[in-house]
Amino acid sequence: MLKKRIIPCLDIRGGRVVKGIKFQNLRDAGDPVEQARRYDADGADELVILDVSATHEERLATLSTIEAVREHLTIPLTVGGGVRSLVDAKRLLDSGADKVSVNSAAVERPELIKELAQQFGAQCTVVAIDAARCLENAADKTSWQVVSHSGTRRHQLDAISWACTAESFGAGEILLTSWDRDGTGTGYDLGLLSQLTSQISLPVIASGGAKSIAHMFEAFNHGAHAVLAASIFHDGHMDVLTVKRELSAMGIPVRIDHVNQTSQSYLTGA
Amino acid sequence: MSMCTHHALNVPHQETDRRIQIVDTGVANIASLHAMFRRLGYRSNLVDRPVEIERAERLVLPGVGSFGAAMQRLQELDLVACLRERIEAERATFAVCLGLQLLCRASEESPGISGLSVVPHIVERFSNNVQVPQLGWNDVEFKDDRLIENGHAYFANSFRLKHQPDGWQVAVTDYDGEFVSAMWRGNVLACQFHPELSGAWGERLVSHWLTGTGHA
């Protein structure tokens with residue numbers, strides 16, 4: 001049976017992990033390699049790295065961070081942030097990413113999704129969608145609009161129909177972040193999640209707002225195939241293995257293997 | 001007929017032998033494969049000439065992309081015959097993901113294109129009863145014989161081999177029914193999943209293959 005995935009996320013800038021609320025007020029939150037190794041050892045199913053760099057120098061630092069993380073990481077690595085072209089994507093893949101996530105650039109030029117899927121495969125093409133709740137409209141029906149450029153731009157683009165476009169253009173996965181919930185710890189936007197997962201057949205990674213195991217449980221029950229979480233793991237509140245054990249006890253199928261065995265220990269035993 | 005008769009299986013290894021040759025199938029993103037081999041104490045490099053395939057002590061056949069594109073590339077490089085010969089001689093070869101499918105006769109993905117035809121079956125697409133591609137972690141269960149303990153592996157595939165080939169040991173996974181997620185014979189191992197992305201379990205499997213070829 002295919003497992004539900006738990007995916008820690010590292011926002012990085014200039015080679016360091018940073019964390020803020022709604023992408024603002026970023027503060028230093030540690031060394032990416034150290035954190036990636038810990039998540040891997042704790043049983044994380046994948047790792048997402050989002051590059052929130054502001055300068056060219058910081059972006060170059062990201063490539064060496066990815067190389068350093070890849071050297072140790074035994075699980076899939078998705079990297080996003082500032083990917084605007086096939087060249088950008090290739091650079092990330094060559095540095096050690098397994099999947100590339102596109103966001104703003106795909107909103108501006110949706111063909112980018114097609115190009116990535118053709119060149120590198122759907123399994124490698126993740127479309128990140130940042131969605132913000134609109135005010136209730138006349139029909140009294142909630143809707144969500146796409147925001148981009150770290151939330152600074154709102155588009156006249158419905159998040160659900162944008163996900164459908166991404167699917168038809170060859171995306172392999174959708175990384176769905178609730179702009180309203182990100183960093184708030186009030187739980188994933190379940191309405192958004194169930195709307196979107198009922199409209200597309202791609203795997204959807206829920207993101208934005210998780211603070212507890214209950215939040216993840218809810219997300220899985222509203223159609224999520226995977227959950228992304230950052231602060232819940234960063235601040236040492238909880239480790240991935242504990243989360244997975246509890247979810248498993250709640251009936252969610254998750255991967256629990258013998259953990260904390262590094263490749264080194266096999267080699268010395270061989 | 002060729003030089004594919006070199007059986008160096010139980011020769012004591014030297015440090016300088018800790019090398020892996022990876023077939024350059026062109027489209028594959030293989031930074032993760034290189035990294036895994038480094039963690040296991042090996043150095044890996046890309047090869048694309050028949051003589052290199054014949055000389056390689058341990059060869060990896062990776063693959064991402066389509067069946068047809070990969071076979072076309074192998075044909076252009078004139079690697080089809082020597083790969084086939086090497087695998088039939090059961091020399092140390094490790095086929096990953098699409099690599100497993102390439103061992104088959106053909107695939108629904110690319111009608112009319114012949115595979116390496118080491119096994120006579122045709123690779124089929126998952127049905128629409130399941131989400132395609134299969135993307136994520138699934139169980140791997142060994143059948144009659146086992147290489148290591150059962151575990152979880154990371155998959156990213158739309159096509160799979162349903163029939164257990166004669167003369168091969170297999171591990172299976174359930175997605176739209178059972179399919180062959182790993183198969184081995186002699187020193188040839190093929191995995192539908194990505195062992196390099198399958199955590200400690202994946203590394204242990206590869207480590208086992210390296211041990212089995214007398215070089216771990």
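Chain naming here is simple, since letters A, B, ... match the order of the sequence lines and numbering starts at 1 in each. Quick caveat, the model's predicted, so the values are computed rather than measured. Hydrogens, waters and symmetry mates are skipped; everything else that's a heavy atom, side chains included, is used.
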Any donor and acceptor pair, going by atom type alone, linking the side chain of [X] with main-chain N or O of [Y] inside 3.5 Å?
X        : Y        : result
B:Gln131 : A:Ser201 : yes
B:Trp137 : A:Leu2   : no
B:Arg39  : A:Glu71  : yes

* Minimum heavy-atom distance B:Ala31-A:Leu93, with the two atoms named -> CB-O, 3.9 Å
* Structure fact -> Minimal heavy-atom distance between A:Pro76 and B:Leu197, with the atoms involved, is CD-O, 3.5 Å
* Are any of the side-chain heavy atoms of A:Met1 and B:Asp174 separated by less than 4.5 Å? -> no
* Asked: Rounded to the nearest 0.5 Å, how far apart are CD1 of A:Ile75 and OH of B:Tyr154?
  -> 10.5 Å
* What is the distance from atom CZ of B:Arg38 to atom CZ of A:Arg70, rounded to the nearest 0.5 Å? -> 10.0 Å
* Does B:Arg146 CZ have over 12 foreign heavy atoms under 6.0 Å away? -> yes
* A:Thr74/B:Met36 under side-chain contact (heavy atoms from CB on, under 4.5 Å): CA gap, chis, key distance, verdict -> CA-CA 7 Å; A:Thr74 69; B:Met36 175 185 66; over 6 Å; no
At a heavy-atom separation under 4.5 Å, does [X] approach chain B through its side chain, its backbone, both, or neither?
X        : result
A:Leu202 : backbone
A:Arg255 : both
A:Asp98  : both
A:Ala226 : neither
A:His225 : side chain
A:Gln118 : neither

* To do: Identify, with sequence neighbours excluded, every residue that meets salt bridge (Lys or Arg N to Asp or Glu O under 4.0 Å) alongside A:Glu115.
  => A:Arg109
* To do: Could you list the residues that satisfy salt bridge (Lys or Arg N to Asp or Glu O under 4.0 Å) with A:Glu218, not counting sequence neighbours?
  => none
* Asked: Between A:Gly121, A:Ala44, A:Pro203, which has the largest tally of heavy atom pairs under 4.5 Å with chain B?
  -> A:Pro203
* Can you tell which of B:Pro195, B:Pro133, B:Gly202, B:Ser32 has the highest number of heavy-atom pairs within less than 4.5 Å of chain A? -> B:Ser32
* To do: With a 4.5 angstrom heavy-atom cut-off, could you sort out which part of B:Ser198 is near chain A: side chain, backbone, both or neither?
  => backbone
